[in-house]
Amino acid sequence: MRKNNKTFPRQSWTFDEYTNSEIRRAAETGIYDIRGGGSKRRLPHFDDLLFLGASISRYPLEGYREKCSTNVILGTRYAKKPLELEIPITIAGMSFGALSGSAKEALGRGASIAGTSTTTGDGGMTPEERGQSNHLVYQLLPSRYGMNPDDLRKADAIEVVIGQGAKPGGGGMLLGQKISDRVAEMRTLPKGVDQRSACRHPDWTGPDDLKIKILELREITKWKVPIFVKIAGSRPYYDTALAIKAGADVVVLDGMQGGTAATQEVFIENVGQPTLGCIRPAVDALQDLDMHRKVQLIISGGVRNGSDVAKALALGADAVSIGSAAMIAIGDNDPKWEKDYNKLGTTAGAYDDWHEGNDPAGISTQDPKLMKRLDPIKAGKKLSNYLKVMTLEAQTLARACGKNNLHNLEPEDLCALTVEAAAMARVPLAGTSWIPGINNK
Amino acid sequence: MKLDLKKLKLRKVNETLQSIDPKRNNKNYTILNPEGNHAICVGLTDDIDITVKGHVGYYCGGMNQNANIIVEGNVGTGVAENMMSGKIHVKGNASQSAGATAHGGFLIIDGDASSRCGISMKGIDIVVKGSVGHMSAFMAQSGNLIVCGNAGEALGDSLYETDIYIKGKVKSLGADCIEKKMDNKHLKKLDKLLKKANLEKLKSKDFKRYGSARKLYNFKIDNVSSY
Ligand SMILES: Cc1cc2nc3c(=O)[nH]c(=O)nc-3n(C[C@H](O)[C@H](O)[C@H](O)COP(=O)(O)O)c2cc1C
């Protein structure tokens, strides 16, 4: 709109529309923005890596005929009964309370069809979830809401949660609207209170204590099931090393793109390291302690498709875990509810006020009417389809690289599109042999 | 039956106590030479009586259900952590986080308990005959914490619905914790718990009751300095 020799109206890069709206919102309400989901900013990610494929020096495997195995065993270090999964993609811990009972059931159904595990979350184990999940990982969180030794003994693995990628160093939050009678009872809280989860465990601090905590959990479960330790991507080398030293069977490492049920926006966007930057340091720690492939590494935070899976594995992970993608697969942010999203002042794909409990898709809610919108059987089928597609995609890429096992993928199969990704993943920038920080002479 | 931790591995001792056949097995056990070992008597499920002869390390009686455990010594961090039911009686002192997150049962500490006694407790009754350290009953959700001595700084910070009874002095109250009226109902409840701890000689009216002001139950920007 250029008028009277004036220049085109120019918006500021620094004060962009979103930033300004947030300043106005803060000024209006006097409270920071809380939301669900993971970091929304552009970060160096798996998209910045490419597979090289086979050539004269390496030959590919036949797409549909030659086998490419996908199974993974988690917890081979100490557990009498490690977790044997058909695919290296697990469902991450998402609490009942944040998600509805039927959403948890759908996750259990889908994961079981696909031969993988689901994980409980802050708030304990529901019968829906235990009933439908062939492999269920039970989380031990700082809040210990719903922590029950009977459930502990029913679990196929235990995950000691130390951090989440969305909020390394932060506790949890479940606002009053979502504390229904059932959620309140499971968490021993009055109905309708804002439930704050502590950020530190109540009965241990530091790696030496963690070792004893793990000993206790093993003694209670008779050394049968694996013990996972979940850490946020903040200091991946040291945290992985300390988790291994404390006796973890499996380290779950969640990068900053990792989703959350409800956290301050400022936390989600400004704390932690991108998933891509976390993997190599964690693998270094495993290798330095001679524990790579003995203690398994699960990577999460922004995993969306088979190529993300294949790239995480190529960088040294044993498996990946998905939260947000699993929610989308069962119907979260589906454009079919666009009108309802509009009523909430948002649009499909951007809806993230999960803590308010009004989810049109019936997933991040405790409202009985909205919950009915999710059919756990159909949603479970969708999740299993999606998990199968991801696995097929990963296999396709692995075969193209000449690998008969997803776990044979290696950094040498990759190149990077950006200098940042090359430095973080420690693979050469495309068209060069340059790995910034490694051979930068 | 005697279980000697000098001769038996911890796994063997716990295994024995975790797999009781009520018809065939003995109901009385004595653990000898605990020598500060961690995770003794964890994950028990049966109504058995155990006496531990000496000091123990972390998490003694962790996640206990039904068992009645007496420790004739001091206990390390997290005694009775996440206990569901049963009874644990510590004849000595307790380290930090005694009774942490416990959902039920009864914990008696004859001596003092260190910091964070009853942290995040969810229904247990705790009686400390001596004093408790700082941040006791932090985020405590349900149950009763009774202290016959004094309480350290920030008692009951961010408290939910636990009732706290203190006979001695309180160094300071945490955010959202206030002194509350002792009515008949509370006096009666306290009498019952004192009796259960063999403390009939103490008078419930000599205690003060503390609980949640419930001001932090729903976020309000004007309370922001308390968070
Ligand atoms: C709705 C929701 C609830 C969550 N609840 C928990 C939880 O209770 N405990 C936990 O450790 N992580 C929780 N997380 C984090 C996930 O376990 C996982 O780390 C994360 O979702 C992985 O990143 P992704 O969402 O990009 O796949 C939650 C995530 C979401 C989206």
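The shown structure was predicted, so the numbers you read here are calculated from the model rather than taken from an experiment. Order of the sequence lines fixes the chain letters, A, B, ..., with proteins taken first and strands second; residue numbering starts at 1 for each chain.
If you measure heavy-atom distances from B:His38 to chain A, the contacts under 4.5 Å come from both the backbone and the side chain. Residue A:Ser143 touches chain B through its backbone alone, counting heavy-atom pairs closer than 4.5 Å. Both the backbone and the side chain of A:Trp204 have a heavy atom closer than 4.5 Å to some heavy atom of chain B. Proximity to chain A (any heavy atom under 4.5 Å) is shown, for B:Ser95, by neither the backbone nor the side chain. Both the backbone and the side chain of B:Leu10 come within less than 4.5 Å of a heavy atom in chain A. For A:Arg153, the part sitting under 4.5 Å from any heavy atom of chain B is the side chain, from C-beta outward, and nothing else. Contacts between A:Pro149 and chain B at a heavy-atom distance below 4.5 Å involve backbone atoms as well as side-chain atoms.
Residues A:Asn358 and A:Leu344 come closest through the heavy atom pair O-CD1, 3.8 Å. Across all their heavy atoms, B:Cys177 and B:Leu159 have their closest contact at SG-CD2, 4.1 Å.
For the pair A:Lys154 and A:Asp151, the salt-bridge criterion is met [side-chain N within less than 4.0 Å of a carboxylate O].
Judged by the 6.0 Å and 45° rule, B:Lys2 forms no cation-pi pair with B:Tyr29. No cation-pi contact links B:Arg214 to B:Tyr160, judged by a cut-off of 6.0 Å to the six-membered ring centre and 45° from its axis.
Chosen from B:Asn64, B:Leu44, B:Thr101, the residue pairing most often with chain A at heavy-atom distances under 4.5 Å is B:Thr101. Between chain A and the residues B:Met84, B:Gln65, B:Met139, B:Arg116, the most heavy-atom pairs under 4.5 angstrom are made by B:Gln65. The choice from B:Lys122, B:Glu15, B:His103 that makes the most heavy-atom pairs within less than 4.5 Å of chain A is B:Lys122.
When each of B:Lys180, B:Lys185, B:His186 is tested with B:Asp183 by the rule side chain to side chain donor-acceptor pair (under 3.5 Å), just one qualifies, namely B:His186.
Side-chain contact between A:Thr120 and A:Val137: absent, with no pair of heavy atoms (C-beta onward) separated by less than 4.5 Å.
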